[in-house]
Each structure stands twice: as structure tokens, then as C-alpha cells.
Amino acid sequence: MNAPDLTILVLYYSRHGATRKLAELIAQGIESVSGCDARLRTVPAVSTVAEAVEPEVPKEGAPYVELRDLEECAGLALGSPTRFGNMAAPMKYFWDGTSSQWLSGTLNGKPACVFTSTGSLHGGQETTLMSMMIPLLHHGMLLLGLPYTQPELMTTSSGGTPYGASHWAGVNGTHPISEETRILTIALGRRLAQTARKLREN
Ligand SMILES: Cc1cc2nc3c(=O)[nH]c(=O)nc-3n(C[C@H](O)[C@H](O)[C@H](O)COP(=O)(O)O)c2cc1C
């Protein structure tokens, strides 16, 4: 079997696991495209106690992202739980440490998409998705959403938007991923990988 020749970074933060489930579906979509490999990475939590440090390897889930992952990827899927209608602080903290990659254009011209999970249905899925796009636009990335040719966008009553994938996890995080969300999230990962491949061929 040939080694994958395109690595797509799936970078997420997840405190209780809902956003992580979406990340795994995005990865499934990416790996449905021939020659594309999903690299799942996360970011450490931030603490109000300045001395607190996380262990080098997380107890569970993906390894922590390294700045070289930004250089090595051909595209990026970025996910965060919704926190007051915005991306979570650990993810924002990570992006605040990427000035050098911004200056050197590490991500410039690479495709990207975004995904989120919320406690309530109208609690800010779309604002969070838009908030995650902002640093990616500053980095020169090419943002992808979901097209309405995906029929699930018209029928979903849980998550899934033209701005990116989303999951309504419920107040206690107990909602399973709906069928519409599952299909749309995989489709977004596939779209990202197909776009990265087309850009690489040009
Ligand atoms: C500080 C904080 C703020 C939150 N703000 C929102 C919010 O604005 N809207 C919403 O629907 N859910 C909100 N939630 C709920 C999370 O978005 C939701 O539980 C999400 O599914 C968690 O994802 P995770 O399982 O990947 O950690 C908030 C949770 C926390 C802890």
C-alpha cells in the first residue's frame, strides 16, 4: 500500500468528548479521499494558576499539537466547544502563539474548515464557527463551508450549518451524534481533503 502523501491536520479542543467525536468523523471523511491522511491533534487546557503545567502527553485523546504540524499539513480542520458563543480559551491561546507562523505564511493558501459542539441548540454554533474562521483568515487560509447540495442541511434539527459542522450535545452532553450531523461532518472532512488534493495538483 502506498504511504499517504497529503497530511490534513485535525486540531481540536474537547473537555467532555463531544467535539472530539466530531473530530473523529472529520478524520473519517478526510481518509475517505485517496492518499489523504488525517493527523489528529489537541491543545492543553489553560489554567488561572500560572505555575500549573500539563503533562507532555495527554491522558487520553490525540497528542498535543506542535508548531511543526502547521508546517507539515496540507489543510486544517479546526474544532472547539462553544464557550459563550465563541471558541474555547485553550484554542485561542494556541493561536495567540502562532505569530511566527503568521509572519512566515506557513498556512497561507492552505484550505481549512471548522467544527463545534454546543450545550443548547441556539447557543452559538454559528458564531463559534465564525470566530474560529477569523485567525485562519489572518493566516491566509482558504475557508470552506458546507454547500446546500448536501440535503441534510435542509432537514437537520440538531446541527450542521453552511459555515461548518456542528453538534448539539445537550446540557449534559448526552445527545448522540444525529444522522444528519454524522453525514455532514464526514462530508466536510472529505471536502477539505479533496480541496487540498486539487490545490496540490495545480
Ligand atoms: C464556560 C462554558 C461556556 C459555555 N458556553 C456555551 C454557549 O455559549 N452555548 C452553548 O450552547 N453551550 C455552551 N457551553 C456548553 C458546551 O459548548 C458544550 O457542553 C459542548 O458540547 C462541550 O464540548 P466538549 O464535550 O467537546 O467539551 C459552555 C460550556 C462551558 C464550560
Side-chain angles (χ1 to χ4, degrees), residues 8-31 38-50 52-55 57-66 69 73 76-97 112-136 145-146 152-153 155-189 192:
I8 311 287
L9 180 61
V10 182
L11 176 60
Y12 69 93
Y13 176 69
S14 184
R15 182 74 187 271
H16 301 292
T19 312
R20 181 176 156 193
K21 283 185 204 153
L22 292 180
E24 288 162 357
L25 289 169
I26 291 270
Q28 195 178 318
I30 289 168
E31 294 194 340
R39 185 183 293 182
L40 282 146
R41 292 291 183 268
T42 190
V43 293
V46 292
S47 169
T48 50
V49 183
V53 287
E54 287 278 333
V57 180
K59 279 191 222 128
E60 58 171 14
Y64 291 132
V65 66
E66 295 175 51
D69 291 318
C73 72
L76 168 71
L78 184 68
S80 168
T82 290
R83 294 268 168 96
F84 302 115
N86 209 313
M87 83 175 97
M91 188 55 80
K92 178 67 166 58
Y93 185 80
F94 169 76
W95 285 104
D96 286 359
C113 67
V114 291
F115 55 100
T116 189
S117 173
T118 56
S120 56
L121 182 54
H122 299 291
Q125 292 186 352
E126 286 150 334
T127 54
T128 303
L129 294 171
M130 301 297 280
S131 80
M132 282 190 287
M133 288 182 190
I134 294 170
L136 304 186
L146 278 163
E152 298 79 13
L153 275 185
T155 56
T156 180
S157 56
S158 56
T161 81
Y163 312 101
S166 57
H167 167 50
W168 174 29
V171 178
N172 300 315
T174 52
H175 294 181
I177 302 270
S178 71
E179 185 57 8
E180 287 89 352
T181 292
R182 193 185 71 79
I183 292 168
L184 290 166
T185 308
I186 292 172
L188 186 61
L192 176 65

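Atoms within each ligand, like the ligands themselves, are counted from 1 in listed order.
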Value rounded to 0.5 Å, distance of CG in Leu184 from CD in Glu152
5.0 Å

Measuring from Leu22:CG to Ser80:OG, what's the distance to the nearest 0.5 Å?
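It comes to 11.0 Å.
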
List, one per line, each side-chain donor-acceptor pair under 3.5 Å for residues 14-21, sequence neighbours excluded.
residue	atom	partner	partner atom	Å
Ser14	OG	Gly17	N	3.0
Ser14	OG	Arg20	N	3.4
Arg20	NE	Glu24	OE2	3.4

Any donor-acceptor pair under 3.5 Å linking the side-chain atoms of Gln125 with those of Ser166?
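Ser166 vs Gln125: donor-acceptor pair found between side chains.
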
Test side chain to side chain donor-acceptor pair (under 3.5 Å) on Thr116 and Thr128 and set out the steps.
CA-CA 7 Å; Thr116 189; Thr128 303; 4.6 Å; no

Can you list every protein residue that has a heavy atom under 4.0 Å from any atom of ligand 1, sorted by chain and residue number?
Ser14, Arg15, His16, Gly17, Ala18, Thr19, Pro81, Thr82, Arg83, Phe84, Gly85, Ser117, Thr118, Gly119, Ser120, Gly123, Ala169

Say whether, by atom type as modelled, one donor and one acceptor occur between the side chain of Thr185 and the main chain of Thr181 under 3.5 angstrom.
yes

